[in-house]
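Worksheet for the structure shown next.
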Amino acid sequence: MFFFNNLSIRVKLFFIFIIPTLALVYQIFISVSEKHKIVNEGRILGVSVELAIRVSALVHETQKERGATAIFVGSQGKKFETGLLSQRSQTDKKIEALDTYMKSIDLSELSLVYINDIKKSIDELNRVKTIRSQVDTLSITKADVLHYYTAMNALFLDSISDLAKVAPDPRIVKFLNSFVNFLYSKERAGIERAIGAGAFSSDSISVKDRIKFSRLISEQDSFLKSFEILESRENIKYYKETLHGEIIDDVNKMREVILNARNIGGFNIDSKYWYEMMTQKITILKEVEDYITSKFSPTSIELIVGIRLTKKLNSIVHETQKERG
């Protein structure tokens with residue numbers, strides 16, 4: 001009888017103390033595993049976003065090289081040779097920086113879609129030496145030059161857009177979508193700079209190019225509208241306060257000259273001046289771009305990871321509170 005009483009007590013103790021303890025240990029184990037998973041996801045996402053920012057920095061330089069090349073080819077090599085060589089040097093620095101960063105990370109950890117997009121972009125980038133050689137010998141048309149740089153830049157920017165599709169947190173998705181809309185608008189401004197530079201350099205513009213020029217302005221406005229819908233009030237305020245002044249007014253006046261032009265020129269505008277004014281405008285856009293990314297650094301991602309982890313831990317505390325009672 002004593003044995004059965006002891007057994008009964010033991011069974012009761014087992015159900016009262018041991019099973020809840022095991023359940024708690026299991027919950028802690030799951031929590032720790034989840035913590036490692038969340039932290040690892042945050043780290044990988046942080047690397048992805050950092051790579052996207054470095055990609056945008058390279059595209060900024062290839063945009064300038066596209067414009068400088070358009071002037072050189074449009075003038076049959078008579079204008080902007082020194083400026084073009086200087087810009088190529090700046091582009092090469094960003095190429096090297098991107099290459100160094102990519103070698104420092106484990107690409108196999110990142111989204112397959114994202115990395116495939118980056119690799120396609122790099123494949124196009126590897127053709128730049130051949131394109132530059134053709135430019136130097138004037139054995140390539142202005143249209144083909146613009147197509148090369150524009151297609152390559154599109155691949156780079158599309159990779160950032162695809163990253164937004166696989167990001168696990170809605171706030172990061174919103175940031176990336178807003179960011180890439182701004183970059184798409186900035187890219188259109190870069191193409192506008194190149195077409196305008198070619199037109200003022202040759203003192204003529206075709207009907208096709210003028211229509212394209214007009215469409216580029218409309219596309220910029222459209223992408224910026226999407227950017228404003230998604231972006232924070234603080235960033236929109238900074239953007240609007242930054243993007244105004246004499247430079248913007250001057251660019252708008254020169255825009256009107258092209259939009260109202262006939263095929264034959266008579267523009268009386270120096271292509272180098274147009275290029276410099278548009279470059280200053282795009283530099284202002286780059287300042288806005290840098291401001292946006294500074295507000296969404298890897299630290300922000302760590303904060304999001306921390307919030308998610310805190311929620312998980314709070315759920316455990318909630319259960320232990322009930323068990324205590």
Side-chain angles (χ1 to χ4, degrees), residues 58-95 124-156 186-217 219-220 247 250-283:
L58 170 60
V59 170
H60 180 69
E61 299 302 329
T62 57
Q63 288 169 340
K64 290 195 286 186
E65 183 170 329
R66 174 179 55 198
T69 303
I71 294 177
F72 182 79
V73 174
S75 66
Q76 290 296 301
K78 297 174 183 177
K79 297 179 181 179
F80 221 63
E81 181 179 3
T82 303
L84 176 57
L85 293 175
S86 175
Q87 180 51 49
R88 286 176 178 176
S89 176
Q90 295 301 313
T91 303
D92 288 342
K93 288 179 183 178
K94 294 301 181 183
I95 292 173
E124 278 299 297
L125 184 61
N126 288 336
R127 294 179 52 215
V128 73
K129 289 184 178 179
T130 300
I131 298 297
R132 287 173 175 176
S133 178
Q134 293 174 338
V135 168
D136 292 340
T137 58
L138 298 174
S139 57
I140 187 171
T141 66
K142 184 177 67 176
D144 287 341
V145 165
L146 292 178
H147 175 75
Y148 166 72
Y149 285 101
T150 300
M152 177 178 66
N153 288 350
L155 286 173
F156 274 121
K186 182 167 165 281
E187 166 64 2
R188 267 59 179 182
I191 303 171
E192 177 193 354
R193 172 175 55 189
I195 292 179
F200 289 134
S201 179
S202 60
D203 201 34
S204 65
I205 187 169
S206 66
V207 173
K208 180 180 178 181
D209 278 350
R210 191 169 69 249
I211 293 172
K212 184 176 182 180
F213 188 86
S214 176
R215 188 175 69 246
L216 286 167
I217 296 172
E219 288 176 356
Q220 287 174 65
I247 293 170
D250 211 6
V251 165
N252 289 338
K253 290 176 184 176
M254 289 187 283
R255 275 178 167 182
E256 290 300 318
V257 171
I258 291 181
L259 292 173
N260 296 322
R262 297 181 179 181
N263 295 5
I264 301 174
F267 299 135
N268 295 320
I269 293 175
D270 185 4
S271 59
K272 186 176 180 181
Y273 180 74
W274 160 263
Y275 179 83
E276 288 174 351
M277 290 300 100
M278 276 298 295
T279 297
Q280 288 187 48
K281 176 184 175 179
I282 293 173
T283 299

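In this text, all values refer to a predicted model and were calculated from it rather than measured experimentally. The residues of the chain are indexed from 1 along the displayed sequence.
Between F267 and F200, the two ring planes are perpendicular [angle over 60°; tilted spans 30° to 60°].
Side-chain N or O atoms of Y149 include none that pairs as donor or acceptor with a backbone N or O of K64 at under 3.5 Å. With hydrogens and angles disregarded, a donor-acceptor distance shorter than 3.5 Å links the side chain of T91 to the backbone of Q87. Here the side chain of Y275 pairs no donor or acceptor atom with the backbone of G196 at under 3.5 angstrom. Between the side chain of S201 and the backbone N or O of S75 there is at least one donor-acceptor pair closer than 3.5 Å. Between the T283 side chain and the T279 main chain, a donor and an acceptor come within less than 3.5 Å of each other. A donor-acceptor contact shorter than 3.5 Å is absent between the side chain of S214 and the backbone of R210.
Here the CD1-CD distance, from I71 to E81, works out to 13.5 Å after rounding to the nearest 0.5 Å. Put simply, CG on L125 and CG on N153 are 9.5 Å apart, with the number rounded to the nearest 0.5 Å. Here CG of D209 is found 10.0 Å from CZ of R215. Values are rounded to the nearest 0.5 Å. Rounded to the nearest 0.5 Å, atoms CE (M277) and CE (M254) are 6.5 Å apart. Atom CG of residue N268 and atom CG of residue D203 lie 7.5 Å apart, to the nearest 0.5 angstrom. For the atom pair CG of L84 and OG1 of T69, the computed distance is 4.5 Å after rounding to the nearest 0.5 Å.
In this structure the side chain of V59 reaches within 4.5 angstrom of the side chain of Q63, judged on heavy atoms. A heavy-atom distance below 4.5 Å is not found between the side chains of K272 and K79. Looking at heavy atoms from C-beta onward, F213 lies in side-chain contact with R255 at the 4.5 angstrom threshold. For the pair I95/L58, a side-chain contact is recorded, criterion being any heavy-atom separation below 4.5 Å from C-beta on. In this structure, the side chains of E65 and R132 come closer than 4.5 Å at one or more pairs of heavy atoms.
Residue A70 comes nearest to A194 through the heavy atom pair CB-O, 3.4 Å, listed as atom of the first residue, atom of the second, then distance. The heavy-atom pair separating S202 from G198 by the smallest distance is OG-O, 2.9 Å. In terms of heavy-atom proximity, L216 sits nearest to E192 at CD1-N, 3.8 Å. The two residues K142 and G74 come nearest to each other via the heavy atoms CD-CA, 4.4 Å. Minimum heavy-atom separation, T141 to V73: C-CG1, 4.2 Å.
Using a 3.5 Å distance cut-off with no hydrogens or angles, the side chains of T130 and Q134 do not pair a donor with an acceptor.
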Q: Please lay out, stage by stage, how R66 and E187 fare under the test side-chain contact (heavy atoms from CB on, under 4.5 Å).
A: CA-CA 11 Å; R66 174 179 55 198; E187 166 64 2; 2.7 Å; yes

Q: Please step through side-chain contact (heavy atoms from CB on, under 4.5 Å) for the pair I191 and L146, ending with a clear verdict.
A: CA-CA 8 Å; I191 303 171; L146 292 178; 5.9 Å; no

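Look at E61 and K93 and you find no salt bridge, because none of the NZ, NE, NH1 or NH2 atoms lies under 4.0 Å from a carboxylate O.
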